[in-house]
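What follows is a single structure, written as structure tokens, with notes after it.
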Amino acid sequence: MAAKRVLVWVWILLSTSLVVGSAGAAIYYWRDKDAAEEQEPLQAPRLVEAEKRYYVLLAVLEVEAKPDPDGDSAWDTRAGAPDLYYEVLWQDQVVFESSTKDDTLVARWSNAAIRVSDLVDEVSLDGSIKAARITARPGDELEFRIYDADTIKDDFVGSWKTPVMSLQLGDQTLEKPGGRIVSVVCRVVPLDGLNLEALTR
């Protein structure tokens, strides 16, 4: 009987040691985790640098299903989706006009479009890049204007302005920037030191 009581007490001591040890390990882990998070703050998006040159384009654009808030009309005849294209204005000048993406509510543009004729004529990589070219300067703004291409008159979809020095390198998503636009992905790539992987996405 005495031996049995000894075994019970040994079991209780072992169980208590395991619980205390587990609790201590958990406290140690979370304390170190919190300390690591304090030492490694989130990195802010990298912005463009003054007097540096960049390519700017819209990679993806989504528009509303209807051209007006009431939703009683369609973008095109026979309830067709819009034929989307955009312009980029810098220093009050149109510096880029995109190709048109037909019959779509979600348009996507590639950074580069190299045609067979470009290869024959030995067009440079820079010449094949379909994007606005700007110099980042404090005080300057970019304006983006979106249109639905029509036979008689192009319909205005929406527009917005962005300070040049607020542009972020890489992709940044804007939600409802203006008009009938749902969202847009703006892409910014340095003009100098071209990154082929970034440009051919």
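Owing to the predicted nature of the structure, the values given are computational and were not obtained by experimental measurement. Counting from 1, the numbers follow the sequence of the chain as shown.
The shortest side-chain heavy-atom distance between Y55 and R133 falls under the 4.5 Å cut-off. The closest side-chain heavy-atom distance from S159 to E143 is below 4.5 Å. Side-chain atoms of V63 and V182, non-hydrogen and from C-beta on, never get closer than 4.5 Å to each other.
Of the options D154, D102, T100, D148, a side-chain hydrogen bond (donor to acceptor under 3.5 Å, both in side chains) to Y85 is made by D154 and by none of the others. Each of I134, L89, V88 was evaluated against F96; a single residue qualifies, V88, per the side chain to side chain contact (heavy atoms under 4.5 Å, CB included) test.
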Verify side-chain contact (heavy atoms from CB on, under 4.5 Å) between R137 and E51, making sure each step is shown before the conclusion. CA-CA 6 Å; R137 293 196 179 100; E51 300 304 323; 3.4 Å; yes
Working note: I146 + L58, criterion side-chain contact (heavy atoms from CB on, under 4.5 Å); need CA distance, chi angles, decisive distance, verdict. CA-CA 10 Å; I146 314 301; L58 300 185; 3.9 Å; yes
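The distance from atom NZ of K130 to atom OG of S98, rounded to the nearest 0.5 Å, is 11.5 Å. In this structure, NZ in K66 is found 8.5 Å from CG in D68, a value given to the nearest 0.5 Å. Here the CD atom belonging to E62 is positioned 9.0 Å from the NZ atom belonging to K176, to the nearest 0.5 angstrom. Between the CG atom of L167 and the CZ atom of R187 there is a distance of 14.0 Å, given to the nearest 0.5 Å.
Hydrophobic clustering (ILVMFWY, side-chain heavy atoms < 4.5 Å, transitive): L169 and L57 are in one cluster. In the hydrophobic cluster analysis, where Ile, Leu, Val, Met, Phe, Trp and Tyr join through side-chain heavy atoms closer than 4.5 angstrom, V60 is grouped apart from I181. Using a 4.5 Å cut-off between side-chain heavy atoms of Ile, Leu, Val, Met, Phe, Trp and Tyr, with links allowed through other members, L105 and L174 fall into the same hydrophobic cluster.
Formation of a donor-acceptor pair under 3.5 Å by the W109 side chain with backbone atoms of A131 is not found in this model. Looking at D83, its side chain does come within 3.5 Å of a backbone N or O of D103 through a donor-acceptor pair. With hydrogens and angles disregarded, a donor-acceptor distance shorter than 3.5 Å links the side chain of Y54 to the backbone of E49.
Of all heavy-atom pairs spanning K161 and E141, the tightest one is CD-OE1, 3.6 Å. In plain terms, the two heavy atoms of V184 and P177 that are nearest each other are CG1-CG, 4.0 Å. Residue F144 comes nearest to C186 through the heavy atom pair CZ-SG, 4.1 Å, listed as atom of the first residue, atom of the second, then distance. Residue M165 comes nearest to P138 through the heavy atom pair CG-CA, 3.6 Å, listed as atom of the first residue, atom of the second, then distance. Across all non-hydrogen atoms, the minimal contact from S166 to T162 is OG-CG2, 3.4 Å. Contact detail for L84 and A107: the closest heavy-atom pair is CD1-CB, 4.0 Å.
The pair R145-E97 fails the salt-bridge criterion, with no side-chain N (NZ, NE, NH1 or NH2) lying under 4.0 Å from an Asp/Glu carboxylate O.
Centroid-to-centroid, the aromatic rings of Y147 and Y86 stay 6.0 Å apart or farther.
Side chains of D140 and W90: a donor-acceptor N/O pair is present below 3.5 angstrom, by distance only.
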